[in-house]
Amino acid sequence: MAFISSGYDPKQPMKDRITDIGPRHFEEFYPPVIKKNKGKWLYHEILEPGVLVHVSETGDKVFTVRAGGARLMSVSHIREICDIADKHCGGHVRFTTRNNIEFMVDSKDKVEPLKKDLLSRKQSGGCYKFPVGGTGAGITNIVHTQGWLHCHTPATDASGPVKAAMDVLFEDFTSMRLPAHLRVSLACCLNMCGAVHCSDIAILGYHRKPPMLDHEYLDKMCEIPLAIAACPTAAIKPAKVDLPDGRKVNSVAVNNSRCMFCGNCYTMCPAMPLQDDVGDGIVLMVGGKVSNRISAPKFSKVVVAFIPNEPPRWPKTTEAIKQIVEAYAKDARKYERLGEWAERIGWERFFDKCELEFTHHLIDDFRDPAYFTWRQTTNFKF
Amino acid sequence: MAKHKTPLLDQLETGPWPSFVTDIKREAESRAKNEKGVEYQIPQDVCEDILGLLELSFKHGRTHWKHGGIVGVFGYGGGVIGRYCDQPEMFKGVAHFHTLRVNQPAGKFYKTEFLKQLCDLWDMRGSGITNMHGSTGDIILLGTTTPQLEEIFYELTHKYNQDLGGSGSNLRTPSDCIGQARCEYACYDTQALCHDLTNSYQDELHRPAFPYKFKFKLDGCPNCCVASIARADMSFIGTWRDDIGIDQEAVKAYVGGEIQPNAGAHAGRDWGPFDIKKEVINLCPTECMKYKDGKLFINNKECTRCMHCINVMPRALRIGNDRGLSILVGAKAPILDGAQMGSLLVPFIKAEEPYDEIKEVIEKIWDWWMEEGKNRERLGELIKRQGFQKLLEATEIKPMPQHVQEPRSNPYIFWKEEEVEGGFKRDVNEFRKHHQR
Ligand code: HEM
Ligand code: HEM
Ligand code: SF4
Ligand code: SF4
Ligand code: SF4
Ligand code: SF4
């Protein structure tokens with residue numbers, strides 16, 4: 001493993017340095033039919049699950065075949081995507097916000113061979129490499145974060161539960177039987193890099209134990225005032241601690257009853273870890289949306305306060321999700337998003353129909369917003 | 001023969017959905033064989049070790065990545081995320097496993113030639129594992145060692161004309177929906193504005209000077225396919241001010257059942273014949289639509305552009321022609337003070353190059369936030385702390401009913417001294433002449 005230089009010279013880091021050039025210009029990458037018809041699209045149709053056609057005022061059409069991706073992708077997998085795009089799409093491909101892969105062709109006869117090619121590619125264990133779907137009134141790819149594979153704060157894994165959930169939801173990826181779009185997202189901790197707070201169904205990793213205190217190292221590893229300031233509930237205060245060997249050190253004390261396990265202190269201070277095998281798990285939230293369609297964007301609401309982590313397949317989590325999806329599919333009206341349905345029938349009915357238990361953990365007790373979620377009317381249902 | 005046994009991960013190799021485990025194993029095998037004779041610059045068995053480490057996390061129910069580790073490329077404060085494993089002896093290949101965020105092209109269109117170049121680069125100088133893409137939008141190259149960082153940056157900029165994205169307390173890599181490139185609902189060119197803002201604010205993107213992170217996201221219409229309204233400090237959402245275009249012939253075709261409603265999005269189930277009254281007129285949230293004598297009428301003045309009718313009948317209805325965008329500010333995830341949705345600041349602004357008007361709003365907001373924001377305070381939290389009025393003052397935008405859902409219900413109004421005739425200073429002795437103690 002000899003070191004190969006790219007041309008960079010560490011002795012003269014500024015020599016020939018190029019910075020702040022930004023990304024490549026998007027136009028370089030447009031397929032010709034997109035470049036020619038940009039801004040001229042008249043309408044689109046979903047021909048079948050995963051296959052779209054967009055029709056331009058010039059008469060041109062672009063056919064898109066959307067395939068699911070595992071977001072976490074090896075370069076071998078990306079090279080295979082490139083091979084497919086070279087073979088069918090003139091060397092063009094695009095990714096969606098939800099980590100799907102879109103292959104575009106400019107005529108209808110190219111669709112079937114493309115689709116066939118995609119669906120014929122299987123992994124060694126039998127999984128599809130490129131399942132086709134993710135359009136219309138169904139479930140598309142789950143946006144997610146890093147999890148145990150690459151982050152330091154997760155309360156659950158990301159790619160693992162997502163693989164397990166997508167296996168369970170697969171039929172709704174390849175079909176469009178639901179009343180409306182249903183978006184599922186996963187974030188492995190409250191930082192919500194995966195932005196789940198507005199998804200129809202959100203899978204959220206959550207800690208349930210206050211931080212451990214590594215007293216011997218705390219003052220050495222952390223700026224104590226920063227750790228104290230990081231706590232949103234002011235649960236942390238400075239403390240002098242006696243170590244078993246008789247030394248007295250500067251450290252902190254945590255008022256456990258004020259801790260809501262957000263992990264901010266750990267973010268500021270590595271000597272306050274809080275991850276735990278039984279403490280950590282999953283919160284399920286539902287009913288969020290971001291589109292302004294019919295009703296305003298909404299936050300997702302907590303409907304299951306805790307499910308233990310059950311690697312490798314998180315069966316309780318996927319089962320609860322399936323229950324919610326089935327109840328929604330059965331009961332909601334056409335065009336009604338999951339949250340709109342829950343609001344129409346009332347949350348008391350939502351818990352009945354989804355067969356979920358309502359517990360005291362589901363009543364908000366965090367600052368002002370809590371008050372606005374308690375019921376201030378006698379118009380409830382039995 | 002795999003280096004580490006992974007009985008738990010192996011169970012994720014079945015089922016229909018693509019398995020990341022199988023994929024990483026495939027990469028591990030390819031690196032072990034090295035048929036192309038790549039001169040790997042980081043340990044060849046890195047993929048085995050990442051699987052081994054992840055298996056350990058599956059067993060322990062806990063992450064095995066250490067907190068922190070500041071690394072980067074010279075002159076940048078963002079774009080690289082340092083990562084060290086807490087079992088380096090067991091998994092030498094991933095002892096350092098830093099991530100690079102590579103700024104994605106707007107709209108995420110690619111030529112395979114470019115992707116293959118990235119693959120070659122990441123094969124040789126990294127783990128061969130990526131995220132396509134990270135949640136923020138960047139291409140994420142997962143896992144390399146410190147000595148490779150400058151080399152990768154040098155290759156990216158010199159060979160591939162490509163820069164890193166943002167991380168840290170700075171402008172995060174802006175991202176956009178597909179927009180006019182392939183969507184008939186797009187009210188402005190999301191890619192053009194995304195690219196322009198990304199390039200105009202390279203300094204803010206790469207050199208953290210903000211109290212905390214700051215995100216731009218751009219949606220071409222109120223359907224919000226990149227969720228800008230929920231996850232950006234400034235969301236740019238396309239809209240229009242004039243009338244929805246109607247093609248009455250196409251309306252007839254929908255009513256007659258010749259065209260499928262909602263572009264065929266509901267084809268997976270028999271919902272019965274299309275009923276324009278039930279599915280469009282009665283669902284219009286502002287009740288501004290009418291269907292009479294086979295014709296559709298919209299009282300556009302009352303329409304709030306929710307997109308529903310257009311979504312249902314894309315061939316009959318069209319976004320208006322006087323197009324631009326709305327700016328909403330302050331969305332964020334729950335940390336620290338609870339989740340916030342974006343709040344409307346600018347109802348309408350034209351989106352035309354060079355976008356000076358838009359940039360004026362951005363820069364005024366940054367000036368205010370950098371002046372007043374506390375460490376790790378997102379824009380939304382500052383707005384909550386100081387009040388929406390302060391935001392209006394900072395941006396010199398006139399208050400209007402569009403800014404509120406409803407006017408305040410408490411009358412505890414903070415009048416400023418200069419707003420009250422004669423100011424706050426009064427003479428109590430003068431007062432006492434007419435009012436005994
Ligand atoms: C204390 C606060 C936070 C810390 C310490 C933190 C830390 C991190 C770290 C270390 C990563 C890199 C993960 C990796 O690539 O290995 C990351 C990624 C990310 N973070 Fe955060 N984060 C914080 C808050 C947030 C918040 C509030 C958001 C927004 C909701 C957010 C959004 C993201 C996103 C989108 C990514 C990219 C994830 C991806 O690649 O998919 N982060 N964060
Ligand atoms: C032809 C282009 C597209 C059209 C016409 C379109 C149309 C729509 C419509 C009508 C909605 C609103 C759904 C509702 O609330 O009932 C929607 C939402 C959404 N779209 Fe798209 N979309 C397009 C492209 C995309 C792409 C490429 C993605 C990413 C894969 C995407 C992701 C989303 C997401 C995540 C939502 C849900 C927003 C929410 O949670 O409320 N869209 N889109
Ligand atoms: S959500 Fe939390 S644990 Fe997951 S990647 Fe983001 S910061 Fe890490
Ligand atoms: S986890 Fe959050 S609430 Fe608990 S002590 Fe740390 S910062 Fe405070
Ligand atoms: S946000 Fe609007 S313009 Fe952008 S892709 Fe979605 S539907 Fe199209
Ligand atoms: S866009 Fe929405 S508010 Fe406007 S006419 Fe259509 S359904 Fe009604």
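Sequence lines set the chain letters: A, B, ... in the order given, protein chains first and strands last, and positions in each chain run from 1.
- Between the side chain of B:Q41 and the backbone N or O of A:A2 there is at least one donor-acceptor pair closer than 3.5 Å.
- For the 3.5 Å distance criterion, the side chains of B:R182 and A:T64 qualify, holding a donor opposite an acceptor.
- Looking at B:Q405, neither its backbone nor its side chain comes within 4.5 Å of chain A, counting heavy atoms on both sides.
- If you measure heavy-atom distances from B:L54 to chain A, the contacts under 4.5 Å come from the side chain alone.
- Using a 3.5 Å distance cut-off with no hydrogens or angles, the side chains of A:N264 and B:R376 do pair a donor with an acceptor.
- B:D23 and A:S74 share a donor-acceptor pair across their side chains, judged by distance under 3.5 Å alone.
- Contact annotation: the side chain of A:L149 approaches that of B:L142 to within less than 4.5 Å [non-hydrogen atoms, C-beta and beyond].
- Judged purely by atom type and a 3.5 angstrom limit, B:Q11 has no side-chain atom pairing as donor or acceptor with the backbone of A:P312.
- Contacts between A:S175 and chain B at a heavy-atom distance below 4.5 Å are absent for every atom of the residue.
- Using a distance-only test at 3.5 Å, with no hydrogens or angles considered, no donor-acceptor pair links the side chain of A:W148 to the main chain of B:F58.
- A:E28 and B:Y110 share no donor-acceptor pair across their side chains, judged by distance under 3.5 Å alone.
- For A:N292 (side chain) and B:P222 (main-chain N/O), a donor-acceptor pair under 3.5 Å exists by modelled atom type.
- At distances below 3.5 Å, not a single donor-acceptor pair connects side-chain atoms of B:W17 with backbone N or O atoms of A:Y128.
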Output, in order, the C-alpha distance, side-chain angles, deciding distance and verdict of salt bridge (charged side-chain N to carboxylate O under 4.0 Å, His left out) for B:K111 and A:D86. CA-CA 9 Å; B:K111 266 204 195 132; A:D86 285 341; over 6 Å; no
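- Using modelled atom types, one side-chain atom of A:Q123 and one backbone atom of B:S19 make a donor-acceptor pair closer than 3.5 Å.
- For the 3.5 Å distance criterion, the side chains of B:E27 and A:S76 qualify, holding a donor opposite an acceptor.
- The parts of B:D337 that come within reach of chain A are both its backbone and its side chain, each placing non-hydrogen atoms under 4.5 angstrom from that chain.
- At a threshold of 4.0 Å, the pair A:R79-B:D123 counts as salt-bridged, since one of the basic side-chain nitrogens sits closer than that to a carboxylate oxygen.
- Contacts of A:K35 with chain B are absent, with no heavy-atom separation under 4.5 Å from either backbone or side chain.
- A donor and an acceptor atom, one from each side chain of B:T63 and A:H152, are nowhere located under 3.5 Å apart.
- No side-chain donor from either of B:H133 and A:N99 sits under 3.5 Å from a side-chain acceptor of the other.
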